[in-house]
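All remarks here apply to the structure that follows.
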Amino acid sequence: MKRVAFYLFYDEQGVVDDYVIYKLNALREFVEHIFVVSNSQLTPESRKKLEAVSDTIFCRENIGFDVWGYKEAMEKFGTDRLKDYDEAIFLNYTFFGPIFPFSEAFAAAEAENVDFWGLSDHAAIEGILPQHIQSHFIAVRNKLLNSIEFSDYWEKMPNIESYDASVLHHESKFTNHFSKKGFTCYVYCSDKNYPSEYPTFFDVHATLEDRCPLIKRRIFFNDPLFTDVNAVMPFKALEFIEKNTEYPVDLIRQNLLRTVPPKTLANSLELLKVFDASAGAASPINS
């Protein structure tokens, strides 16, 4: 299957950490053309790193969030060129992976006769959100990619001025919008197999046990009180990856140490030591 991938990147400092390079290297096996669209400027070193693993790099202002990043990237790539591809993948920097080989997900998806698919989804929340494939990885096949409906969707995309607007006008809309028009979809790690509406966050350990190829960066920097209340344990997920996969967890640590406030990271990874005062400060009883 001939594929093009549009990889959305953003970093306030313009730094591309190695988890991005690892991901794109792993993706290359399945993708003919990798188009990186960066919603931030890049340091010279970071641009060189991306040039080694991609075919096109396009830096733009952070206007319109990921939605307009994808929209402009497709315009730069050329809608006529898209007709030559069996599948276009839209993915971004908001997850670490592949924790398990991409080959497993691609093989499962290729066995499905559908028009678009994704790695994970979010269940419907009555009166708030419809069920939807999460926008950190959506693959669109030729039938949908070259349809009038797909072109019309992007042409009518409103200006996106906030994260909430991005979710409202794209992420939570995409699946339902095209399903209602008769296009079919598949989800590799479906919410139907988990108790929560957001498995890759609330049931992260269970999704990893089921060989989900991604783990969201957000679980490591989300409000610690929220993760505590919802019994989300990022440190357990990290331990699982280290013990049960070949993914180099130092790539996760590298990015988190640079981008996450120390207090938040200490809470999410339980980077604490308790000392026995009677034994002296040099003798930790739990770490």
Side-chain angles (χ1 to χ4, degrees), residues 5-31 34-62 65-66 69-70 73 89-102 105 119-120 134-137 163 166 200-201 204 207-208 212-224 227 234-243 245-271:
F6 295 96
Y7 184 76
L8 190 286
F9 176 76
Y10 173 80
D11 184 83
E12 192 174 30
Q13 299 171 3
V15 174
V16 175
D17 286 323
D18 291 339
Y19 84 92
V20 172
I21 306 305
Y22 183 90
K23 186 194 304 180
L24 294 181
N25 264 324
L27 189 66
R28 173 59 77 182
E29 179 184 348
F30 309 95
V31 173
I34 296 177
F35 188 117
V36 176
V37 51
S38 177
N39 278 6
S40 58
Q41 296 302 309
L42 299 169
T43 65
E45 180 184 10
S46 291
R47 189 176 185 98
K48 286 181 180 178
K49 289 167 69 174
L50 284 175
E51 286 173 346
V53 295
S54 64
D55 303 287
T56 305
I57 299 173
F58 167 45
C59 289
R60 61 185 296 278
E61 289 186 64
N62 188 25
F65 288 74
D66 58 337
Y70 291 134
I89 302 171
F90 302 86
L91 73 163
N92 63 33
Y93 70 102
T94 65
F95 69 90
F96 299 112
I99 307 302
F100 294 97
F102 275 142
L119 290 180
S120 60
Q134 292 177 287
S135 63
H136 48 240
F137 187 108
Y163 173 77
S166 176
T200 52
F201 189 95
V204 59
T207 62
L208 289 172
C212 181
L214 67 88
I215 182 170
K216 294 288 288 179
R217 291 178 63 247
R218 176 172 292 278
I219 73 165
F220 297 104
F221 61 78
N222 208 72
D223 182 351
T227 55
F235 68 97
K236 288 290 187 184
L238 197 62
E239 285 179 2
F240 178 90
I241 293 170
E242 193 159 25
K243 292 178 181 178
T245 80
E246 296 182 3
Y247 186 84
V249 293
D250 282 346
L251 300 184
I252 296 176
R253 295 191 181 102
Q254 178 197 48
N255 177 252
L256 298 181
L257 287 169
R258 185 179 66 82
T259 61
V260 180
K263 186 175 181 180
T264 301
L265 193 58
N267 276 286
S268 66
L269 296 184
E270 294 210 351
L271 302 178

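Heavy-atom basis, side chains included; hydrogens, waters and symmetry copies ignored.
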Are the side chains of [X] and [Y] in touch, meaning some heavy atoms are under 4.5 Å apart?
{"X": "Leu265", "Y": "Leu257", "value": "yes"}
{"X": "Asp66", "Y": "Ser166", "value": "yes"}
{"X": "Asn92", "Y": "Tyr70", "value": "yes"}
{"X": "His136", "Y": "Ser120", "value": "yes"}
{"X": "Ile89", "Y": "Phe137", "value": "yes"}
{"X": "Lys216", "Y": "Phe201", "value": "no"}
{"X": "Phe240", "Y": "Lys243", "value": "no"}

[X]: side-chain contact (heavy atoms from CB on, under 4.5 Å) partners, not counting sequence neighbours:
{"X": "Tyr10", "result": "Glu12, Asn39, Ser40, Asn62, Tyr93"}
{"X": "Arg28", "result": "Ile34, Asp55"}
{"X": "Thr245", "result": "Ile99, Phe100, Ile241, Tyr247"}
{"X": "Asn255", "result": "Asp17, Tyr19, Phe96, Arg217, Arg258, Thr259"}

What residues, two or more places apart in sequence or in another chain, satisfy ring-ring contact (aromatic ring centres under 6.0 Å, His included) together with [X]?
{"X": "Phe30", "answer": "Phe106"}
{"X": "Phe220", "answer": "none"}
{"X": "Tyr7", "answer": "none"}

Considering residues at least two apart in sequence or located in another chain, which fulfil the side-chain hydrogen bond (donor to acceptor under 3.5 Å, both in side chains) criterion with [X]?
{"X": "Thr200", "result": "Gln134"}
{"X": "Thr56", "result": "His33"}
{"X": "Glu239", "result": "none"}

Steps toward side chain to side chain contact (heavy atoms under 4.5 Å, CB included) verdict (Cys59, Leu42)
CA-CA 8 Å; Cys59 289; Leu42 299 169; 3.7 Å; yes
Verdict with reasoning, Ile21 to Leu50, per side chain to side chain contact (heavy atoms under 4.5 Å, CB included)
CA-CA 7 Å; Ile21 306 305; Leu50 284 175; 4.2 Å; yes
Hey, what do you get for [atom1] ([X]) to [atom2] ([Y]), rounding to the nearest 0.5 Å?
{"X": "Asp223", "Y": "Ser268", "atom1": "CG", "atom2": "OG", "answer": "11.5 Å"}
{"X": "Glu61", "Y": "Gln41", "atom1": "CD", "atom2": "CD", "answer": "8.5 Å"}
{"X": "Thr207", "Y": "Leu214", "atom1": "OG1", "atom2": "CG", "answer": "7.0 Å"}

Contact list for residues 36-61, test ring-ring contact (aromatic ring centres under 6.0 Å, His included), sequence neighbours left out
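ring-ring contact (aromatic ring centres under 6.0 Å, His included) check on residues 36-61 returns no pairs.
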What's the shortest heavy-atom distance between [X] and [Y], and which atoms?
{"X": "Leu119", "Y": "Ala105", "value": "CD2-CB, 3.7 Å"}
{"X": "Val20", "Y": "Phe9", "value": "CG2-CE1, 4.0 Å"}
{"X": "Val16", "Y": "Ser46", "value": "N-OG, 2.8 Å"}
{"X": "Phe35", "Y": "Ala73", "value": "CE2-CB, 3.6 Å"}
{"X": "Ala5", "Y": "Val31", "value": "N-CG1, 3.6 Å"}
{"X": "Tyr22", "Y": "Pro98", "value": "CE2-CD, 3.9 Å"}

For residues 36-49, which residue pairs pass the salt bridge (Lys or Arg N to Asp or Glu O under 4.0 Å) check, not counting sequence neighbours?
Asp18-Lys49, Arg47-Glu51
